[in-house]
Student: 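Starting off with a structure, shown below.
We number each residue from 1, following the sequence as shown. Note that these values count all heavy atoms, side chains included, but never hydrogens, waters or copies made by symmetry.
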Amino acid sequence: PCTVSCGGGTQHRTRSITVQAANGGVACDSTVDQRQCNDVNCPVDCVVSAWSAFGACSASCGSGTQTRTRDIVSQAAHGGASCPTLTDTSACNPDPCPVDCTLSAWSAWEGCSSSCGGGTQTRSRTVEVAAQHGGACSTVLSQSAPCNTHDCPLDCTVGNWQAWSSCSLECGGGVRTRTRGVVTAAQFGGSCDIGLQESSSCNVQACPVDCEVTEWGSYSACSLTCGGGSQTRSRSVAVQAANGGAQCPALEETVTCNAEPCPVDCVLTQWSSFDACTVSCGTGSQMRTRSIQVQAAHGGQACGVLSESQQCNTQACPVDCVLTDWTTFSTCSQSCGGGTKTRTRNVAVAAANGGKVCGATTNTVDCGTDACPVDCVLSDWSSYGPCSKSCSGGSQTRNRQILVAAAFGGKTCSATTQTRSCNTNNCPVDCVLADWTTYSSCSASCNGGTQLRTRAVVTAAAYGGAVCSATTQTRDCNLQNCPVDCVMTEWSAY
């Protein structure tokens, strides 16, 4: 067996001598043999580092996970054990998470304990879900607040009445008043509805009655429209004087009217004739005038316009035709033998109102007047002629004639002669042999052997040629008895 299972060892084998060498026979070789074995690399198992410390927990409560790792120090090789897992996970912080309590919404505020001067009102709430696992919960389940903090109403207080005032009339019944003041004003919405003033009648004897007249009526029409006239107005007695009252004033009144000078209307001359038109066509204008003979005065009719114009020569002006530039010429209709090419232009502005009419919009000229190219025309090929050889490849030829020669740059003629191979079959080749070599050494040094001579094939027969005769000859030699060599057994297993 091999000295090691991997990494390169050695193994041995032996043999024994069964026939000893004699008569000058070949001596025996070594009876022990050695060779290398198991030179494949030994398996290398994977090597990993120690586990790291566990990392932080993924959750602070309610069960999380934490992980630790290790690294590959050396990879597995040559069929060694592969690496184990490099990550390890474990549960952590399994305690339930704190749950805060849930409170109801605050109730509406209750009624105030006092309608004024400051009271209190309260509201409350309840725990709907209790706190768990150390969760938080507010202990404030009721609240109080001040209300109706305004002062309560206070009614006013008043003083004594003052002396009466003078009578409002000397006769015919007047009134007098007296007042009293507020000593303490009402506060905070208190009432002060008691009277602070009172009245009584006085001087009730009849009074003198003065004459009373109506308002003046409208003035009558003026006696003149201008230059100074007169107009009158009147009024009547509405109440006669009595009890020594004042007598009535005048009941009619006259005043001057229309004292301003009478109006003078403006007086104008007749219109002049219209002057020449400003243009001969396309609508122009022409003007006429008049002058003032008497200026308007004292509001008389004012003077009208002193000049006026009117349209003239309204007929349209002649418009001459306007053409665009010529385009470039088109491609010639024939490349040779005589063709035409054309260019055009467009009407940019059409003639109108008797203007200059448009010229031609198309222009055609001759082109391509050179003679057209004439291509070469050839006849059909003749039959091929006889082959130049009966075997091993000859040639034969065929011809064609020029019917129309190329002209004016036409396509030139291609080849008029064509040659091809024929009788490509190989000719027969007879075998050709070299001279005999000298005889070789005897195949045995004793007990009879043979020796050999040969001759080489210089040219092998081919394509039906004469075949080759024998290329070897043998004869006997060394017929004497041979020495006996040592004979050994087969090698044992290693």
Student: Are any non-hydrogen side-chain atoms of Asp88 and Ser90 less than 4.5 angstrom apart?
Tutor: no
Student: Using only heavy-atom distances, determine whether the side chains of Thr364 and Thr342 contain a donor-acceptor pair under 3.5 Å.
Tutor: yes
Student: Report, as yes or no, whether the 6.0 Å neighbourhood of atom CD on Gln301 holds more than 12 heavy atoms from other residues, nucleotides or ligands.
Tutor: no
Student: Is a donor on one side and an acceptor on the other found under 3.5 Å between the side chain of Gln396 and the backbone of Gly385?
Tutor: yes
Student: Salt bridge or not for Arg235 and Glu215, using N-O below 4.0 Å?
Tutor: no
Student: Can you tell me if Asn258 uses its side chain to pair, donor with acceptor, with the backbone of Leu224 under 3.5 Å?
Tutor: yes
Student: Tell me whether the count of non-hydrogen atoms from other residues, nucleotides or ligands lying under 6.0 Å of CG in Asn425 goes above 12.
Tutor: yes
Student: Are any non-hydrogen side-chain atoms of Leu378 and Ile402 less than 4.5 angstrom apart?
Tutor: yes
Student: Indicate yes or no for a side-chain donor-acceptor contact from Ser223 to the backbone of Gly229 under 3.5 Å, with no hydrogens or angles considered.
Tutor: no
Student: Please check if the side chain of Ser113 supplies one atom and the backbone of Gly119 the other of a donor-acceptor pair under 3.5 Å.
Tutor: no
Student: When rounded to the nearest 0.5 angstrom, what is the spacing between CG in Asp370 and SG in Cys336?
Tutor: 8.5 Å
Student: CG of Asn93 to SG of Cys61: how many Å apart, nearest 0.5 Å?
Tutor: 7.5 Å
Student: Within the distance-only criterion (no hydrogens, no angle test), does the side chain of Glu252 pair as donor or acceptor with the backbone N or O of Ser234 below 3.5 angstrom?
Tutor: no
Student: Looking only at side-chain N and O atoms, does Ser200 offer a donor or acceptor that is under 3.5 Å from a partner on Arg176?
Tutor: yes
Student: Run the side-chain donor-acceptor check on residues 159-166: report pairs under 3.5 Å with partners two or more places apart or on a different chain.
Tutor:
unit_1: Ser165; atom_1: OG; unit_2: Thr177; atom_2: N; d: 2.9
unit_1: Ser165; atom_1: OG; unit_2: Thr177; atom_2: O; d: 3.2
unit_1: Ser165; atom_1: OG; unit_2: Thr177; atom_2: OG1; d: 3.2

Student: Rounded to the nearest 0.5 Å, how far does OG of Ser218 lie from CZ of Arg233?
Tutor: 9.5 Å
Student: May I have the step-by-step check of side-chain contact (heavy atoms from CB on, under 4.5 Å) for Val294 and Asp265, ending in yes or no?
Tutor: CA-CA 8 Å; Val294 178; Asp265 292 338; over 6 Å; no
Student: Ignoring hydrogens and angles, tell me if any N or O in the side chain of Ser421 forms a donor-acceptor pair with the backbone of Gly393 under 3.5 Å.
Tutor: no
Student: So, Ser107 side chain and Ser124 main chain: donor-acceptor pair closer than 3.5 Å or not?
Tutor: yes
Student: Would you please say whether a donor-acceptor pair under 3.5 Å links the side chains of Arg290 and Gln270?
Tutor: no
Student: Please check: side-chain N/O of Arg125 versus main-chain N/O of Val140, any donor-acceptor pairing under 3.5 Å?
Tutor: yes
Student: If only atom types and distance count, is the side chain of Thr126 paired as donor or acceptor with the main-chain N or O of Glu128 below 3.5 Å?
Tutor: no
Student: Working to the nearest 0.5 angstrom, can you tell me the gap between Leu306 CG and Trp271 CH2?
Tutor: 7.0 Å
Student: Would you say the side-chain atoms of Thr254 and Thr232 include a donor-acceptor pair closer than 3.5 Å?
Tutor: yes
Student: Could you please spell out the steps behind the side-chain contact (heavy atoms from CB on, under 4.5 Å) verdict for Gln231 and Val255?
Tutor: CA-CA 6 Å; Gln231 57 187 167; Val255 295; 3.8 Å; yes
Student: Can you confirm whether Ser5 sits close enough to Cys42 that some side-chain heavy atom of one is under 4.5 Å from a side-chain heavy atom of the other?
Tutor: no
Student: Can you sort out the partners of Arg180 under side chain to side chain donor-acceptor pair (under 3.5 Å), two or more places apart, ordered by chain and number?
Tutor: none
Student: Once you round to the nearest 0.5 Å, how far does OG of Ser52 lie from CG of Asp71?
Tutor: 8.0 Å
Student: Is the number of heavy atoms from other residues, nucleotides or ligands under 6.0 Å of Glu253 CD greater than 12?
Tutor: yes
Student: Report, as yes or no, whether the 6.0 Å neighbourhood of atom CD on Gln315 holds more than 12 heavy atoms from other residues, nucleotides or ligands.
Tutor: yes
Student: How far does NZ of Lys341 sit from OG of Ser330, to the nearest 0.5 angstrom?
Tutor: 8.5 Å
